[in-house]
**Q** 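Structure provided below as structure tokens; questions to follow.
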Amino acid sequence: MSSSESSEPGKSKTIKVDYLARVEGEGSLYLKIRDGAVEDAKLKIFEPPRFFEAFLRGRDFREAPDITARICGICPVAYLMSACHAMESVCGVRVDGQLRALRRLLYCGEWIESHGLHVFMLHAPDFYGFDDAVAMAKAHPELVQRGLRLKKLGNAIMTALGGREVHPINIKLGGFYRAPRRRELDALRGELEWAREFTAVALARLKELEFPDFERDYEFMGLRHPSEYPLNEGRLVSSAGVDEPISRYDCVLREVHVAHSTSLQSRRVGGGPVHMGPMARYALNHDKLPPEVQQLARDAGLGARCQNPFQSVLVRMVEIAYAVHEAARIIAEYAEPDAPAIAVEPRAGTGYGATEAPRGVCYQRYTIDDAGVITDCKIVAPTSVNQAVIEEDLRVFAGARAELPDEQLRWQCEQAIRNYDPCISCSCHFLKLDVERV
Amino acid sequence: MPRKPRLAVFKFASCDGCQLSLLDCEDELLALAGELEISHFLEASSAVQDGPYDLSLVEGSITTPHDAARIREVRRQSRALVTIGACATAGGIQALRNFRDVREFTRIVYARPDYIETLERSTAIADHVPVDFELRGCPINKAQLLEVLVSFLRRKRPNIPSHSVCVECKRRGIVCLMVARGTACLGPVTHAGCGALCPSFHRGCYGCFGPAESVNTPALAERLEQLGVDRGHRLRLFRSFNANAPEFREESERHEQ
């Protein structure tokens with residue numbers, strides 16, 4: 001559903017894509033080009049509002065993980081985990097040992113599945129020139145089939161730990177309803193071994209793709225943990241020097257409500273838009289990757305940071321390789337815990353949870369009373385933070401290519417949006433491209 | 001060769017999880033794409049073809065005036081229309097607004113409520129247009145989704161039982177959590193389809209597949225009370241992912257003060 005309108009060719013023009021494809025949720029993009037320069041670039045989000053922050057008020061604090069998981073079917077683990085950490089921080093509980101390791105394992109499953117979906121089914125078709133993975137599978141059957149096999153492994157990890165891939169049911173405050181048995185996790189080892197080999201093969205293939213010459217000096221923001229590549233925990237840091245506990249998130253990032261979006265956008269206080277997700281995590285935490293994963297990244301031609309968003313497909317593959325490595329480690333070291341969860345009793349206060357969803361930091365803040373009733377909450381999805389940086393990318397990217405034929409410009413702009421794997425269901429919930437040349 | 005049936009997938013207010021279930025059929029997806037022409041599936045493909053479609057899968061609930069008009073157009077373009085998931089079949093978690101004032105909700109979430117256009121209630125697709133089959137679950141079970149697709153291809157009624165989760169527990173030989181441990185469980189009144197997933201993880205069913213056929217919710221509520229489940233908790237148990245399904249809505253209202 002695209003359309004172009006030209007009034008006085010060369011001077012002014014409108015190109016529209018009403019519903020952008022291969023992104024999760026509903027949105028569109030609007031570009032206004034005057035005399036070959038981009039005057040305005042808007043990422044419009046028109047997912048219907050669902051009011052999670054409102055109807056969570058009055059609910060029991062133990063319900064927050066399962067309810068917030070329903071914000072997004074692609075990254076439910078991110079919501080489950082951030083909600084659990086936030087409530088546990090209110091109640092003064094810390095989950096450690098094997099239960100903490102199992103939470104990391106669950107998150108590895110979501111990264112493998114979500115990144116696998118994006119790399120092979122949503123993003124790769126752009127580079128190979130196909131409308132979708134099904135069409136691409138006819139020309140590159142082995143790549144698509146193995147990509148699906150990798151994605152399936154991510155789902156298998158989530159199912160082993162969570163009961164199902166979308167909206168897992170086995171996660172609760174303090175841990176799990178039932179801890180997995182050794183043999184249930186051992187069953188995953190064979191596929192993890194295969195995946196370790198395949199991620200290297202896939203990176204060797206993907207690095208040969210043609211990437212547009214486009215780099216920007218982003219402010220990368222993400223979590224950083226003293227001893228590990230961040231999943232569940234860390235401080236909020238940025239490449240411009242932010243280094244704060246997550247309880248200061250609201251002081252670092254401020255939400256603004258713009259007319260063209262049902263998703264609130266975020267800006268850094270005293271700064272501009274920030275970039276979250278795989279490229280940010282990678283730049284901020286390259287030193288925390290195990291040497292063999294760092295070597296894979298080098299072999300793919302990546303330095304310690306990558307500033308070309310089109311190459312995020314490589315960084316995602318590196319993160320998949322990391323998740324595979326980490327999952328294998330956790331399973332090798334697993335010992336069944338004495339209890340599947342530790343008790344979490346309500347206590348009045350405010351707590352914060354921030355974890356690394358596949359697309360960046362998923363932040364939640366809750367205030368609860370003595371009885372555990374939620375009185376206030378705030379949820380920020382990474383796509384709503386990235387929305388502003390995507391608009392900037394489009395402005396710069398399209399500005400340098402304003403003379404391209406409409407069809408080509410539209411395709412490349414859509415690709416520039418898909419670089420972020422935007423999850424509009426999350427941010428509120430899709431995209432739409434609308435170029436106006438005036 | 002006869003032409004392949006044309007499949008479309010549409011999204012309304014939802015989390016994308018039910019349509020993702022189609023992409024989660026990793027082993028079957030390419031084979032399925034050989035039997036069906038995927039004509040409209042924005043999450044997966046840039047190739048978007050106009051209707052009419054032989055089968056439309058609809059995810060999500062109706063929450064805006066624009067979507068109320070759009071679903072009527074989808075119905076006009078679809079020979080068969082199947083709703084997938086709790087949002088499309090019962091209004092979803094966002095139907096919690098139906099019990100409160102939506103203007104107050106908008107003020108809580110958005111700095112500029114005047115930018116937001118929304119309906120007062122979140123409603124199921126069947127409240128707006130005729131629906132040929134409803135597949136339950138939050139999310140749907142992908143094996144059941146495949147059953148629906150294959151049945152459609154073979155022109156038969158899908159084999160989707162409408163009994164309760166209790167039956168699934170008995171079949172799997174899972175010891176009753178409510179009897180043996182006193183765990184609150186919605187299994188007796190919840191539609192089957194998950195394979196008794198929560199009980200198999202030692203968790204009481206939380207009703208994500210919505211009400212089963214002809215259920216006795218008051219009897220279950222009474223039993224829950226005997227188990228020490230307080231009024232507020234009983235209300236919330238019935239008022240979650242399928243809050244606007246009539247049987248659950250009426251039961252939750254009985255526990256309001």
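Each chain gets a letter, A, B and so on, in the order the sequences are listed, and its residues count up from 1. We use all heavy atoms of the structure for the numbers below, so side chains are in, but hydrogens, waters and symmetry mates are not. In this text, all values refer to a predicted model and were calculated from it rather than measured experimentally.
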**Q** Among B:A13, B:P139, B:G17, B:G195, single out the residue with the greatest number of heavy-atom pairs under 4.5 Å to chain A.
**A**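 When all of B:A13, B:P139, B:G17, B:G195 are compared, B:P139 has the most.
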**Q** Name the member of B:H202, B:R203, B:Q94 that forms the most heavy-atom pairs with chain A at distances under 4.5 Å.
**A**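 If we count pairs closer than 4.5 Å to chain A, B:R203 comes out on top.
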**Q** Check whether B:L197 gets within reach of chain A through its side chain, its backbone, both or neither, counting any heavy atom under 4.5 Å.
**A**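 Interface part for B:L197: both.
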**Q** So for B:C138, is it side chain, backbone, both, or neither that comes closer than 4.5 Å to the heavy atoms of chain A?
**A**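 Contact with chain A involves both backbone and side-chain atoms of B:C138.
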**Q** Can you say whether A:L122 sits under 4.5 Å from chain B via the side chain, the backbone, both, or neither, judging by heavy atoms?
**A**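 The side chain, not the backbone.
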**Q** Tell me, side chain or backbone of A:N155 under 4.5 Å from chain B's heavy atoms, or both, or neither?
**A**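 The side chain, not the backbone.
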**Q** In terms of heavy-atom proximity below 4.5 Å to chain B, should A:I67 be classed as side chain, backbone, both, or neither?
**A**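 Contact with chain B: backbone and side chain both.
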**Q** Is it the case that B:R70 places NZ or CZ above or below the six-membered ring of B:F12, under 6.0 angstrom from the centre and within 45 degrees of the axis?
**A**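 Yes, B:R70 and B:F12 form such a contact.
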**Q** Going through the distances and angles, do A:C377 and A:R57 end up as a side-chain contact (heavy atoms from CB on, under 4.5 Å)?
**A** CA-CA 7 Å; A:C377 85; A:R57 291 185 181 186; 5.8 Å; no
**Q** When heavy-atom pairs shorter than 4.5 Å are enumerated against chain A, which of B:A33, B:C198, B:A44 gives the highest number?
**A**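 Greatest number of close heavy-atom pairs with chain A: B:A44.
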**Q** Take atom CZ in B:R231; do more than 12 heavy atoms of anything else shown fall under 6.0 Å from it?
**A**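 Yes, because the 6.0 Å sphere around CZ of B:R231 holds more than 12 heavy atoms from other groups.
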**Q** Go through the atoms of A:D66 and report whether side chain, backbone, both or neither lie under 4.5 Å from a heavy atom of chain B.
**A**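 A:D66 touches chain B through backbone and side-chain heavy atoms alike.
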**Q** Give, as side chain, backbone, both or neither, the part of B:D27 having an atom under 4.5 angstrom from any heavy atom of chain A.
**A**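 Contact with chain A involves the side chain of B:D27 alone.
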**Q** Identify which part of B:H233 has an atom lying under 4.5 Å from any heavy atom of chain A, answering side chain, backbone, both or neither.
**A**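 Contact with chain A: none, neither part.
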**Q** Is the distance between the ring centroids of B:F10 and B:Y53 under 6.0 Å?
**A**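 Between B:F10 and B:Y53, which both carry aromatic rings, the centre distance is below 6.0 Å.
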**Q** What part of B:I140 gets closer than 4.5 Å to chain A, counting heavy atoms only: side chain, backbone, both or neither?
**A**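 For B:I140, there is no contact with chain A at all, as no heavy atom is under 4.5 Å.
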**Q** Among A:H167, A:M121, A:R164, which residue forms the greatest number of heavy-atom pairs with chain B at distances under 4.5 Å?
**A**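 Top option by heavy-atom pairs under 4.5 Å: A:R164.
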**Q** Using non-hydrogen atoms and a 4.5 Å limit, figure out which bit of B:Y206 sits close to chain A: side chain, backbone, both or neither.
**A**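 It is the side chain, since no backbone atom gets that close.
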**Q** Write out all pairs satisfying side chain to side chain donor-acceptor pair (under 3.5 Å) with one or both partners inside residues 192-201 of chain B, taking only residues at least two apart or from two chains.
**A**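 Every pair satisfying side chain to side chain donor-acceptor pair (under 3.5 Å) with a residue in residues 192-201 of chain B: there are none.
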**Q** Given the options A:L148, A:D131, A:L117, which has more heavy-atom pairs under 4.5 Å with chain B than any of the others?
**A**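 Of A:L148, A:D131, A:L117, A:D131 has the most heavy-atom pairs under 4.5 Å with chain B.
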**Q** Is the B:F238 to B:F248 ring centre distance short of 6.0 Å?
**A**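 Yes; B:F248 has its ring centre under 6.0 Å from that of B:F238.
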**Q** Picking from A:Q145, A:E63, A:K151, A:K378, which has the most non-hydrogen pairs under 4.5 angstrom with chain B?
**A**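 The option with the most such pairs is A:K151.
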**Q** Contact part of A:T159 toward chain B, heavy-atom cut-off under 4.5 Å: side chain, backbone, both or neither?
**A**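 Contact with chain B is through the backbone of A:T159 alone.
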**Q** For A:E191, what residues pass the salt bridge (charged side-chain N to carboxylate O under 4.0 Å, His left out) criterion, not counting sequence neighbours?
**A**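 A:E191 satisfies salt bridge (charged side-chain N to carboxylate O under 4.0 Å, His left out) with A:R149 only.
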**Q** Does any backbone or side-chain atom of B:L23 lie under 4.5 Å from a heavy atom of chain A? Answer side chain, backbone, both or neither.
**A**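 Contact with chain A: backbone and side chain both.
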**Q** Cation-pi check, A:R178 to B:F201: give yes when NZ or CZ is under 6.0 Å from the six-membered ring centre and within 45° of the ring axis, no otherwise.
**A**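 Judged by the rule, A:R178 and B:F201 form a cation-pi pair.
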**Q** Give a yes or no on whether the ring-centroid distance for B:F241 and B:F209 is below 6.0 angstrom.
**A**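 Not under 6.0 Å, so no.
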**Q** Is the NZ or CZ atom of A:R70 positioned over A:F52's six-membered ring, under 6.0 angstrom from the centre and within 45° of the axis?
**A**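 Cation-pi check for A:R70 and A:F52: fails.
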**Q** Determine whether the side chains of B:S122 and A:R50 contain a donor N or O and an acceptor N or O closer than 3.5 Å.
**A**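 Per modelled atom types, B:S122 and A:R50 side chains form no pair under 3.5 Å.
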